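First the structure, in the form of structure tokens, and then the observations on it.
Labels below follow one simple rule: chain letters A, B, ... track the order of the sequence lines, proteins then strands, and each chain is numbered from 1. Predicted model, so just to flag it, every value in this text is computed and none were measured.
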Number of protein chains: 2
Amino acid sequence: MSRCDMVKKARRSQRRPDSLSRDRIIDAAIELLDESGEGGLTFRALSERLSTGPGAIYWHIANKSDLLVAACDAVMTRTVDARIADASPEATIRTLALGMFDAIDAHPWIGSTLIHAAGQQPAVRILERIGQQIRALGVPDDAQWTTVSALLNYILGVAGQNAANAQFARMHDLDRSNFLDALSTAWSELDPDQYPFARSIAGQMRVHDDRADFLAGIDLILGGIRGLRTDRIDQGA
Amino acid sequence: MSRCDMVKKARRSQRRPDSLSRDRIIDAAIELLDESGEGGLTFRALSERLSTGPGAIYWHIANKSDLLVAACDAVMTRTVDARIADASPEATIRTLALGMFDAIDAHPWIGSTLIHAAGQQPAVRILERIGQQIRALGVPDDAQWTTVSALLNYILGVAGQNAANAQFARMHDLDRSNFLDALSTAWSELDPDQYPFARSIAGQMRVHDDRADFLAGIDLILGGIRGLRTDRIDQGA
DNA sequence: ACCTGAACACCGTTCAAGT
DNA sequence: ACCTGAACACCGTTCAAGT
């Protein structure tokens with residue numbers, strides 16, 4: 001019924017010698033995500049990088065969500081499979097958590113993907129590793145799920161925040177220190193009556209160490225786990 | 001250059017008597033999000049519900065992100081402003097956290113919005129309320145930021161997971177118990193050598209109480225905070 | 001000042017057609 | 001079996017034009 005659109009000139013004719021494959025697609029997706037953030041991953045951009053048409057990708061990958069989860073899982077596997085020296089369960093959990101933090105820091109898009117893929121492969125990988133250490137710690141069976149999911153939820157929260165911060169900074173062309181300055185300034189301009197606490201810590205924001213704070217949070221939870229056996233009684237005041 | 005598209009017949013002519021306003025738009029957005037999830041909020045759907053054109057909304061709202069944050073903040077305000085009976089700081093934090101959980105449960109889209117709006121109004125509201133209680137608890141100044149952000153990150157992690165689960169369930173037309181069954185089954189079919197822990201807790205998944213688990217995680221962190229003064233030394237084994 | 005709605009520049013996804 | 005790329009059904013956003 002309509003024949004209005006002009007035919008665009010064919011963009012490309014050369015095919016890359018190596019043929020398309022699920023793995024090559026996932027690698028290219030990771031590159032794209034690392035270079036230009038979550039918004040940078042597009043079937044068109046991806047197919048251009050792979051010298052094909054958008055439709056070709058669908059032969060190997062179900063849809064965008066599948067692609068994102070697969071990319072996230074590929075990074076996750078590298079992170080979680082890193083050999084960890086024998087150490088106490090608590091030390092191993094710390095190492096595991098720091099590995100996660102570094103992966104998230106290097107690939108901020110992992111944060112939102114990890115959260116959107118709740119319960120799927122990438123998250124189960126960490127859950128499993130943490131769970132094994134929680135068992136080794138001697139946490140009773142009926143407290144294991146609670147304990148592990150507290151750690152996991154905390155890690156995912158940090159991951160999500162990190163992804164959001166990175167995206168915000170990218171969108172406004174800010175580096176990390178400019179971003180923290182902007183946030184700190186915004187907080188210190190809040191109404192003193194309504195936001196006394198936020199104002200009081202606005203200064204700390206500018207100088208804080210994300211990685212150290214992250215680990216401190218893990219230690220807080222580990223401390224709570226340690227306390228499970230000893231002070232179940234005096235939860236009163 | 002092209003005049004190919006047929007003019008679609010005008011959809012609407014009646015204007016609603018009450019005029020458009022930022023608040024009316026935000027209320028309609030919340031309705032839409034509650035009814036049909038994150039994917040349901042569209043400028044076209046929204047303008048249809050408000051009996052206007054998509055462009056009209058932009059007179060009152062900067063863009064979609066602004067709209068989402070405003071909608072999230074509106075719900076957040078109701079949640080956080082609920083009067084809380086005088087109680088110990090720990091009890092108040094628990095009540096606050098449970099209020100958050102219930103809000104997230106009633107409006108799952110809050111989860112992803114809250115995370116994407118890291119550092120902005122909606123998150124600062126909770127941060128402030130938690131922070132005041134942390135102060136009241138007597139946590140030393142230099143540990144306040146760490147402590148509050150641990151609690152906040154944990155809450156946001158749960159919020160994000162909840163949003164993801166709700167979206168997954170909606171997409172596959174599952175109710176909560178069907179969703180848990182599917183997850184539990186998937187986990188119990190994992191490779192026993194690689195995923196002993198995930199398999200072992202698959203059963204618990206089916207019957208667990210989200211709300212109780214959430215609170216247990218809060219208590220774990222509160223326990224860690226309580227321990228801050230007492231056992232800074234023996235972190236060894 | 002506020003609203004209208006066609007138009008623009010994108011998306012993810014499909015599918016007839018090719019090899 | 002695998003790839004091509006035009007086409008479809010959407011998006012968020014803009015903007016000349018109206019009141």
Can you tell me how far apart CD (A:Gln167) and CD (A:Glu38) are? Round to the nearest 0.5 Å.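 The distance works out to 4.5 Å.
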Rounded off to whole Å, could you give me the [atom1]-to-[atom2] distance for the [X] and [N] pair?
X	N	atom1	atom2	value
A:Phe43	D:dT4	CZ	P	15 Å
B:Leu20	C:dT4	CG	C1'	12 Å
A:Arg44	C:dT14	CZ	C1'	12 Å
A:Leu41	C:dT13	CG	C1'	14 Å
A:Glu48	C:dC10	CD	P	12 Å
B:Leu46	D:dT13	CG	P	12 Å
B:Tyr58	C:dA7	OH	P	18 Å
B:Ile57	D:dC15	CD1	C1'	16 Å

Does either side chain, that of B:Asp175 or that of B:Asn178, offer a donor lying less than 3.5 Å from an acceptor on the other one? yes
For the pair [X] and [Y], find out whether any cationic side-chain nitrogen is under 4.0 Å from an anionic carboxylate oxygen.
X	Y	answer
B:Arg125	B:Asp81	no
A:Arg176	A:Asp210	yes
A:Arg22	A:Asp66	yes

Does any N or O in the side chain of A:Ser200 come within less than 3.5 Å of the main-chain N or O of A:Phe197, such that one atom is a donor and the other an acceptor? yes
Donor-acceptor pair, B:Asn153 side chain versus B:Ser149 backbone, under 3.5 Å?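 The answer is yes, because a donor-acceptor pair under 3.5 Å joins these two groups.
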Mind listing the residues from residues 59-71 of chain B sitting with a heavy atom below 4.0 Å of DNA chain C? Number order is fine. B:Trp59, B:His60
When the ring planes of B:Phe214 and B:Tyr154 are compared, do they come out parallel, tilted or perpendicular, using 30° and 60° as the limits?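 Geometry flag for B:Tyr154 against B:Phe214: parallel rings.
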A:Phe43 vs A:Tyr58 aromatic rings, parallel, tilted or perpendicular, using cut-offs 30° and 60°?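 Geometry flag for A:Tyr58 against A:Phe43: parallel rings.
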Of all the nucleotides listed (D:dC3, C:dT13, D:dT13), which has the minimum atom distance to the side chain of A:Thr52? D:dC3
Under the rule of Watson-Crick or G-U wobble with both distances under 3.5 Å, where | means paired to another strand and [ ] a crossing pair, DNA chain D maps to ||.|||||...|||||.||
At under 4.0 Å, does any side-chain N or O of A:Thr42 touch on OP1 or OP2 of C:dC11? yes
